[in-house]
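Labels below follow one simple rule: chain letters A, B, ... track the order of the sequence lines, proteins then strands, and each chain is numbered from 1. Side chains are part of it too, since the values below use all heavy atoms of this structure and drop only hydrogens, waters and symmetry mates.
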Number of protein chains: 2
Amino acid sequence: MPRVRNHPFAGPLTPPSSMAVTIRDVARASGFSVATVSRVLNGSGPVKPETVRKVRDAATRLRFTPNVAARSLSTSRTHTLGVLLPDLHGEFFSEVIRGIDQTAQSHGYHVLVSSSHNSPAEIAAALATMRGRVDGVAIMSPVSNAEALVADLPRSIPLVLLNCSADVAGVDTLDIDNHGGAYAMTRHLLTLGRRRIAFVRGPKGNADGEARLGGYRAALEDAGVVHDRTLELDGDFQELSGYHAAKHLLSMSPRPDALFAANDSMAIGAISALREAGVRVPEDVAVVGFDDIPIARYILPALSTVRVDIAKLGARAVKVLLHAVGHRNEHTRVRETFATELVVRASCGVEQAVGR
Amino acid sequence: MPRVRNHPFAGPLTPPSSMAVTIRDVARASGFSVATVSRVLNGSGPVKPETVRKVRDAATRLRFTPNVAARSLSTSRTHTLGVLLPDLHGEFFSEVIRGIDQTAQSHGYHVLVSSSHNSPAEIAAALATMRGRVDGVAIMSPVSNAEALVADLPRSIPLVLLNCSADVAGVDTLDIDNHGGAYAMTRHLLTLGRRRIAFVRGPKGNADGEARLGGYRAALEDAGVVHDRTLELDGDFQELSGYHAAKHLLSMSPRPDALFAANDSMAIGAISALREAGVRVPEDVAVVGFDDIPIARYILPALSTVRVDIAKLGARAVKVLLHAVGHRNEHTRVRETFATELVVRASCGVEQAVGR
DNA sequence: CTCCCCCATGTAACCGTTTCCACTATCGCG
DNA sequence: CGCGATAGTGGAAACGGTTACATGGGGGAG
């Protein structure tokens, strides 16, 4: 609502508080022009030290805060980054946000989040509403066919794809080595003598889940173990689905001697079901997970898993985005894969294996 | 950087893509003035249906997206809400964001998050950088003396305090009934015959932790149980501190017969330590927590706890903020307390109690 | 038939910055 | 001493919307 004439208070009084103090007020108070004030406050252009002092003085005295809307209208920079996240589980969610936020903060940027997007269409819609509010967007998509996703995304704004395992030209992508981690864990179980290893999958169409499944299959194949597809059980990354998968496993014969859940939450649900049924973990059935969430080491038996530094992923995403922003999105694209780390605790049956 | 003269493309060609299409382009293409276009697009003012159609047509044909900076410069509304969070644990963090984001999205608002603020000074600083970027801010502060916090916060912008247990005039506040929940749980343990109940505290100065401690003490006092302050152990809401607290508990004599951790994470850490030492839970020591995080029901024994609907708290916060925004922050302030719910599972020893 | 009101639309001021360009004073150099 | 470069500053356009006010035309009341 314009129309309210600019207030011409001149003295060193505090402003009417009803209306914010503008750069013009600072100019008036310091005796210089708005152009000079702007130059001082942004450190652009040449200004006399004496002038700098006076302007700074006036600005702090009047408690001047630049209007961000006006600034970004003029510069078309918002100093804000967007984050698009799927509907994901606790630890993962908070870690990635934390990593992103801390790095963004340290570079003077803000973070606009938008969660619970599960389809490419939702992502595209959310991205559209973010248009003009952000200088760049980090997208974590659960869908495995990220190529389709990226196809109808605008290319004008810097984008970084997190964990989409997409091989798309023209977009920066950061991935977690899901395949390698699952491969290593499966191999570990084989080394310990387990032969019938069941797997609890992630949600249908989830890229992480599928890559982990792929690593599991590859390890079995490389070890020459014939693979039985009925050992691949459905899951959705929630505890309950792990619980159900384990119940189902108990009805199979011959009964598997190990269970690899595509994430820790499901592994915990599975352990719960097994022990409820009087099955010993890891003696009878070894159980392992993926992610290394904090509680993993405190459940009994302590969960063997694959560690993923998700906060680091978020932090790196911000750096990539800021680089893109700095080069007006005309930089050479980045494609990185984050290593995972095998974490051996008790639930995989290392100690039992010695005696075998 | 102004100076680039407005591009005068007239035909139905796609715009140069280097520069975004503005409301003026839509005006030109539809044959009406910018005022009318604005009115159509915002549904303000009277317009002929025929005109609406034509303008809408042109807008979609040109793929017009209003420039948010320009809009908010003019209206001084950003359609964005800020969220200031402390350095908090996984589930809690993600749930509150989820609740806030979903509600905000459904009202056409965006969410700007800023995490890891632990002192009033940090909060004030973060709030300052958010100035002009948001229409309102939800603040969750860990500090127990929220009065001091609010004292030097600007009152011009709508604020809602989450879970600060502050009794401050002029600010909306939403709280969780920590005291009541802890009271109920302690009472429950007493009912089951437990007499020496230890408590693992939250971080120093944490309001939630202190309120829970208060509920615990009150229940003991009301039951006429003499209270031994050495039963109150230090903790910081992390699993490890629960682990250590339990280790310490084992060295006490007479040994407590119950342990109430101020949150679930610490309870899980404690159970881990107890079982490692060969102590039976709940037969020898009952263990209970607070929060009801998802894993609580899947650990063994399933954790008895106090449920808190944290997503609902976030959702409510958004509604309160939007109300304040709608009334230009001149509304009657709200002060609500969210009820908690006792969740009885196995770890408190309900079943054992029958046989006692 | 006249007057008045309201519907539909246009014109232009305004929001608060940034930055281009113009201008002056000072200085180094031939 | 003349001349170009440069430091220091100011004026004003531009960013892209919203909206107060002006304008014109049509219809109902008297």
| said: I want to verify a distance call: between dT9(D), dG16(D), dT17(C), whose nearest atom is closest to the Arg24(A) side chain? | reply: dT17(C)
| note | Quick note, Ser74(A) side chain, CB onward, closest among dT17(C), dC15(C), dT18(D) is dT17(C)
| message | Measure CZ/Arg71(A) against P/dC15(C) and give the value in whole Å, please. | response | 19 Å
| task | Would you classify Thr51(A) as touching base, sugar-phosphate or nothing, given that sugar-phosphate means primed atoms plus P, OP1 and OP2, and contacts are heavy atoms under 4.0 Å? | result | sugar-phosphate
| said: Rounded to whole Å, please give me the gap between CG in Leu73(A) and C1' in dC15(C). | reply: 9 Å
| Integer-rounded Å distance: dC15(D) P and Asp25(B) CG | 11 Å
| message | Just the rounded figure in Å: distance from P of dG17(D) to CZ of Arg77(B). | response | 19 Å
| field | Residue-level proximity of residues 32-41 of chain B to DNA chain C when a heavy atom falls under 4.0 Å | value | Phe32(B), Ser33(B), Val34(B), Ala35(B), Thr36(B), Arg39(B)
| message | Measure CG/Asn67(A) against C1'/dG17(D) and give the value in whole Å, please. | response | 14 Å
| said: What contact category does Pro46(B) fall into here, base, sugar-phosphate, or nothing, at under 4.0 angstrom with non-hydrogen atoms? | reply: base
| query | Rounded to whole angstroms, how far apart are CZ on Arg28(B) and C1' on dG10(C)? | reply | 16 Å
| message | Check this for me: does any side-chain nitrogen of one of Asp57(A) and Lys54(A) sit under 4.0 Å from a carboxylate oxygen of the other? | response | no
